[in-house]
Amino acid sequence: QVQLVESGGGLVQPGGSLRLSCTASGSMFTSYAMSWYRQAPGKQRELVARSTTGGSTNYADSVKGRFTISRDNAKNTVYLQMNSLKPEDPAVYYCYAYRYSGGKSWLYWGQGTQVTVSS
């Protein structure tokens with residue numbers, strides 16, 4: 001069983017920066033693709049960024065050039081660096097771990113961390 005612990009959320013002014021962290025328990029961190037999702041009030045949860053086990057990354061069009069996902073396998077941690085934050089970015093951000101092998105899937109969600117953008 002994988003447990004995901006998130007941190008780094010908070011209040012920031014428009015144009016500011018935050019870095020979110022997600023640390024996973026267990027010893028198979030490198031076998032999981034790691035992603036960040038977000039959900040704003042009244043909206044569907046959406047994919048923000050993904051980092052695969054092969055090192056590839058994917059970003060939502062709305063955050064390309066502003067957000068960067070990275071992972072430190074030695075620390076079992078994935079990060080989301082958020083720069084140039086905009087009024088539409090506030091949401092609860094969730095860490096997500098996924099693995100598929102031999103017809104079986106493993107799926108885990110963090111508890112979420114609040115990001116607020118306000119002047």
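On a predicted model such as this, the values are computed, not experimentally measured, just so you know.
- Contact of the Val115 side chain with the Asp89 side chain is not registered, since no non-hydrogen atoms from C-beta on lie closer than 4.5 Å.
- The backbone N or O of Gly9 lies less than 3.5 Å from a partner atom in the side chain of Thr113, making a donor-acceptor pair.
- The shortest side-chain heavy-atom distance between Cys22 and Thr77 does not fall under the 4.5 Å cut-off.
- Trp109 and Tyr37 have perpendicular rings, their planes meeting at more than 60° on a 0 to 90° scale where under 30° would count as parallel.
- Side chain of Gln39 to main chain of Gln44: no donor-acceptor pair is present (N/O by atom type, distance under 3.5 Å, no hydrogens or angles).
- Expressed to the nearest 0.5 Å, how far CZ of Arg99 lies from OG1 of Thr53 amounts to 10.0 Å.
- Nearest heavy atoms, Met34 versus Ala97: SD-CB, 3.6 Å.
- Here the closest non-hydrogen pair linking Ser119 and Pro14 is N-CD, 3.8 Å.
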Would Phe67 and Leu80 count as a side-chain contact (heavy atoms from CB on, under 4.5 Å) if you check the C-alpha gap in whole Å, the side-chain angles of each, and the deciding distance to 0.1 Å? CA-CA 7 Å; Phe67 292 8; Leu80 184 67; 4.2 Å; yes

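- With Tyr98 as the aromatic partner, Arg50 does not meet the cation-pi criteria of under 6.0 angstrom to the ring centre and within 45 degrees of the ring axis.
- Under the 3.5 Å distance criterion, the side-chain polar atoms of Ser25 are matched with a main-chain donor or acceptor of Gln3.
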Step by step, would you call Ser51 with Thr57 a side chain to side chain donor-acceptor pair (under 3.5 Å)? CA-CA 5 Å; Ser51 176; Thr57 58; over 6 Å; no

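- You'll find the side chain of Gln111 stays beyond 4.5 Å of the side chain of Val5, heavy atoms only.
- Residues Val78 and Cys95 are in side-chain contact: their nearest non-hydrogen atoms beyond the backbone lie under 4.5 Å apart.
- Both Val48 and Val117 are part of a single hydrophobic cluster, where members link through side-chain heavy atoms under 4.5 Å apart.
- Tyr94 and Trp36 fall into different hydrophobic clusters, where Ile, Leu, Val, Met, Phe, Trp and Tyr residues are linked whenever their side-chain heavy atoms come under 4.5 Å apart, directly or through other members.
- No single ILVMFWY cluster, assembled from side-chain heavy atoms under 4.5 Å apart, contains both Val92 and Val12.
- The heavy-atom pair separating Pro90 from Ala40 by the smallest distance is O-CB, 3.8 Å.
- Between the side chain of Ser56 and the backbone N or O of Gly54, no donor-acceptor pair lies under 3.5 Å.
- The shortest distance between side-chain heavy atoms of Lys86 and Arg66 falls below 4.5 Å.
- Contact record, Arg38 with Ser62: NH2-OG, 3.5 Å, taken as the closest heavy-atom pair.
- Note on Leu47: it does not cluster hydrophobically with Leu20, by side-chain heavy-atom contacts below 4.5 Å among ILVMFWY residues.
- Checking Tyr32, Trp106, Phe29 one by one against Val2, the side-chain contact (heavy atoms from CB on, under 4.5 Å) holds for a single residue, Tyr32.
- Salt bridge present: Asp61 and Lys64 bring a charged side-chain N and a carboxylate O closer than 4.0 Å.
- Cation-pi geometry between Arg19 and Tyr79 is met: under 6.0 angstrom from the ring centre, within 45 degrees of the axis.
- By the criterion of side-chain heavy atoms lying less than 4.5 angstrom apart, applied directly or through intervening Ile, Leu, Val, Met, Phe, Trp or Tyr residues, Leu85 is grouped together with Ile69 in one hydrophobic cluster.
- Taking all atoms of both residues into account, the shortest heavy-atom contact from Gln81 to Ser17 is NE2-CB, 4.0 Å.
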